[in-house]
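Step one of this worksheet: look at the structure below.
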Amino acid sequence: MPAEADIMPADFCRDTAQSKEQDWFPVSKRPWNARGLSAALLTAIQDSLAEAIETQEADCAVDDTADLEVRFLGHAAKWERDTRFVSSMSDIVGHPSYKCIIAMGQEHRRDVLRLLLRDLRETERPWFTALALIAGTNPANPTDAGRVDKLTQAWIKWGKKEGLL
Amino acid sequence: MPNPLRRVKMVRSAIEQEFPGLSNSRWYLKSPKSTKYQCIGWAACESHRKWWPWDWPRHLYPPEVYWPAHLPVGDESIQNFVNAFVDELGYESCGRNEEFEFGYQKIAIYAKIANGADKTKHMARQHLLGRGWLSKLGGNVDILHASLRDLEGDLYGKVEQVLRRSWRTAFSKGLALPSSFRFLLYRLRHPSWIVSNLKRRFLA
């Protein structure tokens, strides 16, 4: 039998009747799993985050760094849910949640960079555009345009060098 | 361990919700979710690189997506995508003729047209032996669907252009063997299609 990871992405493995539509990334790779929270509590948190983001879409303001992480995770979940079948870069990067994350990065540069790099490493969500815009640099080799593997390696290496990971 | 057949059912259900045209059609999952390539790269037989004409500041190069250097970036028109596939990969236009022709491989461009401007949204590649069309759904799974109509709708718009390339052109440009080999390796590394097809055959 093929390995579990080979069969399907873990984000598909939940029962549709029980899961919410916004659950599109692997439970095992969620950054907040490290805190030892139960699966039910995680789901409840994510539900409330997505709801909050849904109702305050344009609100990118954050009060403190704890709020920052919560808002980042909510925006990331909403962005991923809405663009999961989209290839157009203008639609992906033009999504309000993506823009909010970039706006958050303008104010809290190092904190948002840390969140983006951790999320990139753990969930493989492609944050390269946001990372480059917030960091104001791009550590990848110019010949690696479009190569997600190489871009990921370059950014992780850069994050370690900058003390963000 | 969750039942893999049940998981496949969940995937299929989620995709059919997004693309209602698939509900009454025969279609197959071909590989698991991957953010490493998307539909344009997949149409170009690439599973390691994303393609898109993305306008990106020179000082922050390279961008998240690849686009041939001689073509304009920031231009999402059908013509720009046609030029990329004609210039880089040897395709030629065949209007909207999507019928299988032995000796040719075809690709289709989905686009939305509003206020006279067209914006490309998706591309699909015809199965080499005409079994259907291969589509990578953004950064998600890739599927084999029977008809181009199956994915038409709000998200991808309609099929506006079909291109074709003869097998001879592909071989003469040295494009066929490397991409076929990469394609085979990719399939062998991601055997989800076996589960999917078994389910369709015996359990549907």
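Computed over heavy atoms, backbone and side chain alike; hydrogens, waters and symmetry mates excluded. The chains referred to below are lettered A, B, ... by the order of the sequence lines, with proteins before strands, and numbering in each begins at 1.
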_Between B:K136, B:R49, B:H59, the one whose heavy-atom pairs under 4.5 Å with chain A are most numerous_ = B:R49
*Mark yes when over 12 heavy atoms from residues, nucleotides or ligands other than B:K106 sit less than 6.0 Å from its NZ; otherwise mark no.*
yes
*Taking all atoms of both residues into account, what is the closest heavy-atom pair of A:R84 and B:N140, and its distance?*
O-CB, 3.4 Å
*Any idea which of A:A132, A:A140, A:S90, A:G136 has the most non-hydrogen atom pairs under 4.5 angstrom with chain B?*
A:S90
*Quick one: does A:M89's side chain get under 4.5 Å of B:P53's, heavy atoms only?*
no
*Among A:L131, A:D149, A:T83, who wins on heavy-atom pairs under 4.5 Å with chain B?*
A:D149
*Once you round to the nearest 0.5 Å, how far does NE2 of B:H48 lie from NZ of A:K150?*
9.5 Å
*Quick check: does any side chain N or O of A:S87 sit under 3.5 Å from a backbone N or O of B:Q38, one acting as donor and the other as acceptor?*
no
*Quick one: which residues of residues 145-157 of chain B reach chain A at under 4.5 angstrom, heavy atoms only?*
B:L155, B:Y156
_Shorter than 4.5 Å, heavy atoms on both sides: which option in B:T35, B:D55, B:L137, B:I40 has the most such pairs with chain A?_
B:L137
*Checking heavy atoms, do the side chain of A:D91, its backbone, both or neither come under 4.5 Å from chain B?*
side chain
*Can you find a pair of side-chain heavy atoms, one from B:Y37 and one from A:V148, that are under 4.5 Å apart?*
no
_Short N-O contact, B:K33 and A:E80, less than 4.0 angstrom_ = yes
*Residue A:T129 versus chain B: region with a heavy atom under 4.5 Å*: both
_Proximal to chain A - members of residues 86-96 of chain B, heavy-atom separation under 4.5 Å_ = none
*Positions in residues 112-127 of chain B that reach chain A, provided some heavy atom is under 4.5 Å away*: B:K121
*asked:* Please output the residues of residues 60-76 of chain B in contact with chain A, using a heavy-atom cutoff of under 4.5 Å, in numerical order.
replied: B:L60, B:Y61, B:P62, B:P63, B:E64, B:V65, B:Y66, B:E76
_Less than 4.5 Å to any heavy atom of chain A: does that hold for the side chain of B:W51, its backbone, both, or neither?_
neither
_Student check: side-chain heavy atoms of B:W56 and A:L133 closer than 4.5 Å_ = yes
